[in-house]
Visitor: 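Just dropping this structure here.
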Amino acid sequence: MKKMLPIGIQDFKELRERNCIYVDKTEILHKLITEGKYYFLSRPRRFGKSLTISTLNEIYEGNRELFKGLFIYDKIEWKKRPVIRIDFTKWKFKDIGLRTAIVKIILDNAAKYEIQLRDEEKILKENFGNVLGELIEKLHTKYNEKVALLIDEYDKPIIDYMTDIDKAEENRDILRDFYGIIKPMD
């Protein structure tokens, strides 16, 4: 059976389950996982960042069978690890505001792992970076594993407001507070 071109497919699981052509980049991802600590991937639009994030998500969630025939298949210990995945294209932050969208992202990730955090109203009144830190700590305690934090379209809340400089600067400040918790969490 001929393999399909994965035009428009940004989800690794869908790509593999639909038997699409995939250029194996898992050797590079293996190096990222085993040799590094923090990575910031900046490439032009439509250059595979979302697919890379999706692939890393499947690796960290231990979905070994999706990687059959690929470099990484027998190179790592396959086990489920906690993953906080944030994709700013999936949230209507223009409608509800960036701060509220981030709170909902944090709460959705907590619910995925059945982690109890403060309620939404309390989170909105404080630095939500602290709540992200709380989620990371509780996931680490629950699973005794480092937490993978995968962020896609990290700059969308700023880029979408390039013609509204005040709003872009406001969103920049919100993102600075949000991202500020990541480095000290190690």
Visitor: Got a second to check how far T34's OG1 is from K75's NZ, nearest 0.5 Å?
Guide: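 Here the rounded value is 11.5 Å.
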Visitor: Nearest 0.5 Å please: distance from the CD atom of E145 over to the NE2 atom of H140.
Guide: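 Reported value, rounded in 0.5 Å steps: 9.0 Å.
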Visitor: Can you list the residues that meet the side chain to side chain donor-acceptor pair (under 3.5 Å) rule with N63, with sequence neighbours excluded?
Guide: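 In terms of side chain to side chain donor-acceptor pair (under 3.5 Å), with neighbours along the sequence ignored, N63 is linked to E58.
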Visitor: Judged by atom type as modelled, is there a donor-acceptor pair below 3.5 Å linking the side chain of R16 to the main-chain atoms of K68?
Guide: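 Checked: pair present.
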Visitor: Can you tell if the side chain of L117 reaches within under 4.5 Å of the side chain of I106, non-hydrogen atoms only?
Guide: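 Of all side-chain heavy-atom pairs linking I106 with L117, at least one is under 4.5 Å.
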Visitor: Crowded around I96 CD1? As in, over 12 foreign heavy atoms under 6.0 Å?
Guide: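 Yes - once you tally the heavy atoms of other residues, nucleotides and ligands closer than 6.0 Å, there are more than 12.
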Visitor: Evaluate the side-chain contact (heavy atoms from CB on, under 4.5 Å) criterion for residues I59 and I33: first the C-alpha distance (whole Å), next the side-chain angles of each, then the deciding distance (0.1 Å), finally the verdict.
Guide: CA-CA 10 Å; I59 291 169; I33 292 167; 3.7 Å; yes
Visitor: Using every non-hydrogen atom in the two residues, find where N109 and V83 come nearest and quote the distance to one decimal.
Guide: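 Taking N109 first and V83 second, the nearest heavy atoms are OD1-O, 3.9 Å.
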Visitor: For K104 and R99, indicate whether the former's side chain and the latter's backbone hold a donor-acceptor pair under 3.5 Å.
Guide: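 Judged by distance alone, no pair lies under 3.5 Å.
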Visitor: For R85 and N57, indicate whether the former's side chain and the latter's backbone hold a donor-acceptor pair under 3.5 Å.
Guide: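 Looks like no, no N/O pair under 3.5 Å.
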Visitor: Check the pair I84 / I105 against side-chain contact (heavy atoms from CB on, under 4.5 Å), numbers first and verdict last.
Guide: CA-CA 9 Å; I84 299 172; I105 290 168; 5.8 Å; no
Visitor: Considering residues, nucleotides and ligands other than K13, do more than 12 of their heavy atoms fall under 6.0 Å from its NZ?
Guide: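 Open: at most 12 neighbouring heavy atoms sit under 6.0 Å from NZ of K13.
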Visitor: Could you work out the complete set of other residues in the hydrophobic cluster of L5, with links drawn between I, L, V, M, F, W and Y side chains under 4.5 Å apart?
Guide: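 Answer for L5: I7, I21.
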Visitor: Does E65 CD have over 12 foreign heavy atoms under 6.0 Å away?
Guide: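 More than 12 within 6.0 Å, yes.
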Visitor: Between K31 and E35 (salt bridge meaning N to carboxylate O under 4.0 Å), is one present in this structure?
Guide: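 The answer is no: the pair does not qualify as a salt bridge.
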Visitor: Taking T141 for its side chain and E137 for its backbone only, find out whether a donor-acceptor pair lies under 3.5 Å.
Guide: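 Yes, T141 side chain to E137 backbone: donor-acceptor pair under 3.5 Å.
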Visitor: Applying ring-ring contact (aromatic ring centres under 6.0 Å, His included), run through Y179 and Y154 and close with a yes or a no.
Guide: CA-CA 10 Å; Y179 294 139; Y154 67 94; 7.2 Å; no
Visitor: Quick check: do F88 and D152 have side-chain heavy atoms less than 4.5 Å from each other?
Guide: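 Sidechains of D152 and F88: no contact.
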Visitor: For the side chain of K138 and the backbone of Q116, is there at least one donor-acceptor N/O pair under 3.5 Å apart?
Guide: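 It does hold such a pair.
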Visitor: Do the side chain of D155 and the main chain of I158 share a donor and acceptor less than 3.5 angstrom apart?
Guide: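 No; judged by distance alone, with no hydrogens or angles, the pair does not exist.
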Visitor: Is the distance between the ring centroids of Y73 and W78 under 6.0 Å?
Guide: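 Centroid distance Y73-W78: not below 6.0 Å, so no.
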Visitor: Atom CD1 of I72 and atom CG of L66: how far apart are they, to the nearest 0.5 Å?
Guide: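 It is 12.0 Å, given to the nearest 0.5 Å.
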Visitor: I need the R81 CZ to N144 CG distance, nearest 0.5 Å.
Guide: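 Going from CZ on R81 over to CG on N144, the span is 12.0 Å.
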Visitor: What distance do S50 atom OG and D87 atom CG have between them, rounded to the nearest 0.5 Å?
Guide: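 Nearest 0.5 Å value for the OG-CG distance: 6.0 Å.
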Visitor: Please tabulate, one pair per line, all N/O donor-acceptor pairs under 3.5 Å involving side-chain atoms of residues 165-174, not counting sequence neighbours.
Guide:
residue, atom, partner, partner atom, Å
K167, NZ, E170, OE2, 3.4
N171, ND2, P157, O, 2.8
D173, OD1, R176, NH2, 2.6

Visitor: Just so I know, are the side chains of I182 and I151 near enough to count as touching, which here means a heavy-atom distance under 4.5 Å?
Guide: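 Yes; the side chains approach each other to less than 4.5 Å.
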Visitor: Look at the aromatic rings of F67 and F12 and report parallel, tilted or perpendicular, splitting at 30° and 60°.
Guide: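 Answer is parallel, since the angle falls under 30°.
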Visitor: If you apply the rule side-chain contact (heavy atoms from CB on, under 4.5 Å), what do you find for L15 with L51, and how did you get there?
Guide: CA-CA 9 Å; L15 184 145; L51 180 59; 4.1 Å; yes
Visitor: Might you work through the side-chain contact (heavy atoms from CB on, under 4.5 Å) test for F71 and I28, ending with a clear yes or no?
Guide: CA-CA 9 Å; F71 174 85; I28 296 165; over 6 Å; no
Visitor: Once you round to the nearest 0.5 Å, how far does SG of C20 lie from CE of M4?
Guide: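 CE of M4 is found 4.0 Å from SG of C20.
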Visitor: Would you say L135 and V131 make side-chain contact, with heavy atoms under 4.5 Å?
Guide: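 No - every pair of side-chain heavy atoms lies 4.5 Å or more apart.
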Visitor: State whether the side chain of T26 and the backbone N or O of L70 hold a donor-acceptor pair below 3.5 Å, judged by distance alone.
Guide: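 No, the answer is negative, given that no donor and acceptor are paired below the 3.5 Å cut-off.
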